[in-house]
Amino acid sequence: MSLTKKIGDARLTYDGCDYNIPVLEGTEGERALDIQSLRKNTGLVTFDPGMVNTGVGESNITFVDGNKGILRYRGYDIEDLAEHCSFLEVAYLLVHGFLPTPSEYNAFSTQMNLHSMLHENMRNFFALYPDHAHPMAILSAMVVSLSTFYPELETEMTEAIDITVARLLSKLRTIAAFSYKKYMGHPIVYPRSDLRYCENFLNMMFRTPVNDYVPDPVVTRALNQLLILHADHEQNCSTSVVRAVGSSRANLYASISAGVCALWGPLHGGANQKVLEVLEDAIKTGTSPKALVERAKDKSSNFRLFGFGHRVYKTYDPRARVASKICKQVISHASGKDDPLLDYAQELEATAMADSYFQDRHLYPNVDFYTGLAYRAMGIPVNMFTVMFAIGRLPGWIAQWLEQRDDEIQRIVRPRQVYVGPESRTVAETISQKPYKE
Ligand code: ACO
């Protein structure tokens, strides 16, 4: 049942006719033109590259106000959730729509333990990738491979979906840790039933036969918070991909695997890796923050300041604010001293913020600007940063996939276009113009 209210009509005049276009309003006052009948009534499609103005449907999961810098999951502010919840509680909130009671939480946690292992045959897959394989490629391939080991999703029973959701949430973390071990050339560490979600991940990452790793509570809390910051962000690029793939009734694993690939790009989740690479390179080459900002402003340089700018936020990204706090805490806990990269990042932020190019375009630090520095301080290598983002984003992808599946007004995603290619022609007339004979 639709939850948007019709609050009036807009009038479109075209080719001598008037058309009423319903105006809808959501619970936070966002307004939208309902153009579902536009093509049928007028023969027109809308032209909206990058879907900048397109609302793909209703959603009751996440609210973003890009002008005020507000982000809420299921009505709760991101700052509130990061302060008072674990990542697993937030995952439950996103998937089920409400925060778990203690007994619901324990049952969910037990599911995470039960489903944390990978089929032993999947270990062979890790072994055969080249040593330099990017962990995002491995992650995407492994996620879709899960569908070959756990095909019961093909049934549409709720219980089967619940198990699939638990499997995915739990196993993605195991896959991520195994891909790190592969990269390091270290033996795999299996999940443990006595550790909670984030502790378990850290243990699988950092325990070795010669290091009896004990998860550090400060690092564990910071990891919980960072994953919460990533957990959902309404109709972003990767989520739109997950929904588009899901709209063809492809299974959950296939849809999430596609989402992982979309997240990988440097304009999206891959920006966290780029931020660190740019900062490290700037320090190595002695490039000043001012010089970096000038390069980013120069359109001919093809260089952007990664970790800056956002399609929706035209003010400070609330996730960046929390991430910068976490980042400082983890760095001071890990080393007790200043980090030249953090100092440089702060100077870069101040330089960009004081520049009219960034001010005029409302370009502020986004979530990726500080998260990488925090992951680095935890000992996570740069090429794993986007994998960390993917672990965090997974509950959001799942919630959005489920929401779309159960939404009666959704149809297979199939946008239109404005064709600008050659006009009709024939092979015969083309061949007659060829300057050679067969
Ligand atoms: N550095 C320099 N200039 C920028 C930047 C940047 N990081 N971001 C935007 N601009 C400029 C553009 O060149 C453009 O300038 P113009 O008006 O003179 O042509 C203007 O600001 C608007 O930018 P668009 O690219 O049109 O904005 P869009 O909404 O399409 O893109 C995006 C948003 C992709 C995030 C962009 O800001 C960007 O490339 N940022 C850097 C990459 C990044 O950090 N991505 C992570 C985003 S958060 C996330 O996905 C998890």
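One-based numbering, in listed order, for ligands and for the atoms of each.
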Lining ligand 1 at under 4.0 Å, by non-hydrogen atom distance, are residues P266, L267, H268, A271, A296, K299, R304, L305, F306, G307, F308, G309, H310, R311, Y357, R361, L363, N366, V367, D368, F389
Which residue pairs satisfy the side chain to side chain donor-acceptor pair (under 3.5 Å) criterion with at least one member in residues 20-31, sequence neighbours excluded? R11-N20, E25-R31, E28-R72
Counting only heavy atoms not in R196, do more than 12 fall under 6.0 Å of its CZ? no
Those residues that, when tested against R361, pass salt bridge (Lys or Arg N to Asp or Glu O under 4.0 Å) (two or more places apart): none
Option among Y357, F358, Y316, F303 that satisfies the ring pair (Phe, Tyr, Trp, His ring centres under 6.0 Å) test with F308: F358
Only counting residues at least two apart or in another chain, list the ones meeting salt bridge (Lys or Arg N to Asp or Glu O under 4.0 Å) with D216. none
Determine whether more than 12 heavy atoms belonging to other residues, nucleotides or ligands lie under 6.0 Å from atom OH of Y183. no
